Amino acid sequence: GAVVSQHPSWVICKSGTSVKIECRSLDFQATTMFWYRQFPKQSLMLMATSNEGSKATYEQGVEKDKFLINHASLTLSTLTVTSAHPEDSSFYICSVGGPDFNEQFFGPGTRLTVL
Amino acid sequence: KNEVEQSPQNLTAQEGEFITINCSYSVGISALHWLQQHPGGGIVSLFMLSSGKKKHGRLIATINIQEKHSSLHITASHPRDSAVYICAVNFFSGGSNYKLTFGKGTLLTVNP
């Protein structure tokens, strides 16, 4: 399967600042990438689907102006949490859509803590 | 409504025991996934299957499409198997099947 990395693996920031999380597909051209959020003891919640070169599709209830997604190349997608607040503290996971349209390869996640 | 149900929610076992985690879903799917997540860790894909049975080491996954049910078995369980196991499916959507619907997960604790 594809190797997916995320950077940073953890970040602590002050309320009101913006944080950028990178998701890289290291050995596979990722036309489609996904961003998830996971709160403690809960399952993954899909935030948005991004396709290379086009605007991301956000799930209902996810603020697109707060969670900016850019997928400018076949190997990199970024999620920027703008004006972060403590309630944005969560585990953010990206995944890459594989050649089998059923398949996703997950990154290791980024733990965001907003003080 | 497209739903994925897992059972049990929590499972505690002694080292060496045979473990079974179940997953059922509501409507037709193109594939089912079993994922593993260690505490504080990322998601690891264990299996993707659309029919029959797959085996990898001590892990076995089966699926019965007619009954809309899958099981994940762990033989000779070990404390390092302690993790959350998540069932996820690709429901037929008429468009891309990429989108996954996740179960709530099963927290497995294997005691030495």
Side-chain angles (χ1 to χ4, degrees), chain A residues 1-10 21 23-24 28 30-52 54 56-60 62 71 89-113, chain B residues 1-7 9-10 21 23 25 28-51 54 56 61 63 65 70 82-109:
Chain A
V3 178
V4 181
S5 70
Q6 282 184 241
H7 178 80
S9 54
W10 59 270
I21 301 169
C23 176
R24 291 185 186 272
F28 180 75
T31 306
T32 305
M33 288 184 169
F34 302 87
W35 286 96
Y36 296 91
R37 181 165 55 182
Q38 185 181 37
F39 291 107
K41 298 190 186 301
Q42 294 187 26
S43 197
L44 284 74
M45 186 191 80
L46 179 65
M47 299 174 68
T49 302
S50 75
N51 289 292
E52 185 263 337
S54 62
T57 302
Y58 290 81
E59 295 298 300
Q60 196 170 15
V62 178
H71 188 167
S89 298
S90 189
F91 193 50
Y92 291 87
I93 302 170
C94 74
S95 71
V96 167
D100 179 327
F101 283 103
N102 293 305
E103 200 165 27
Q104 292 184 29
F105 304 106
F106 292 89
T110 296
R111 190 161 304 281
L112 170 64
T113 302
Chain B
K1 189 178 176 184
N2 296 349
E3 291 181 334
V4 179
E5 298 283 342
Q6 275 186 247
S7 63
Q9 270 191 299
N10 295 281
I21 300 170
C23 176
Y25 50 91
I29 63 170
S30 53
L32 180 143
H33 307 256
W34 282 103
L35 311 171
Q36 180 193 57
Q37 186 175 31
H38 282 100
I43 302 290
V44 174
S45 183
L46 299 175
F47 296 103
M48 181 178 75
L49 61 166
S50 53
S51 65
K54 287 190 176 181
H56 186 254
I63 188 168
I65 295 295
S70 174
S82 298
V84 175
Y85 292 84
I86 302 168
C87 173
V89 304
N90 302 86
F91 284 112
F92 286 119
S93 64
S96 168
N97 289 333
Y98 263 140
K99 205 166 176 177
L100 289 173
T101 301
F102 296 87
K104 292 184 178 179
T106 295
L107 174 60
L108 171 65
T109 304

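Everything numeric in this text was worked out from a predicted model, so none of it was measured. In the text below, chain A, chain B and the rest are named by the order of the sequence lines, each starting its count at 1.
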Which of P39(B), S45(B), G41(B), G105(B) touches chain A most, by non-hydrogen pairs under 4.5 Å
G41(B)
Counting heavy-atom pairs closer than 4.5 Å to chain B, which one of D100(A), T32(A), L44(A) comes out on top?
L44(A)
Checking Q38(A) against chain B: side chain, backbone, both or neither under 4.5 Å from a heavy atom?
side chain
Atom CZ of F91(A) and atom CD of Q37(B): how far apart are they, to the nearest 0.5 Å?
6.0 Å
What part of I43(B) is in contact with chain A, defined as an atom under 4.5 angstrom from a non-hydrogen atom: side chain, backbone, both or neither?
both
At a heavy-atom separation under 4.5 Å, does S95(A) approach chain B through its side chain, its backbone, both, or neither?
neither
Rounded to the nearest 0.5 Å, how far does CG of N102(A) lie from CG of L32(B)?
10.5 Å
Side chain / backbone / both / neither for F34(A) at chain B, heavy atoms under 4.5 Å
side chain
Is there a donor-acceptor pair under 3.5 Å between the side chain of H33(B) and the backbone N or O of Q104(A)?
no
Side chain from CB out, backbone as N, CA, C, O: work out which of these in I93(A) comes under 4.5 Å of a heavy atom of chain B, or both, or neither.
side chain
Quick one: does any side-chain atom of S43(A) pair with a main-chain N or O of G103(B) as donor and acceptor, under 3.5 Å?
yes
Chain A contact via I29(B) - which portion, at a heavy-atom distance below 4.5 Å:
neither
Start with the C-alpha gap between L46(A) and K99(B), add the side-chain angles, then the distance that decides, and say whether side chain to side chain contact (heavy atoms under 4.5 Å, CB included) holds.
CA-CA 9 Å; L46(A) 179 65; K99(B) 205 166 176 177; 3.6 Å; yes
In terms of heavy-atom contacts, does NE2 of H7(A) have more than 12 from other residues, nucleotides or ligands at under 6.0 Å?
no
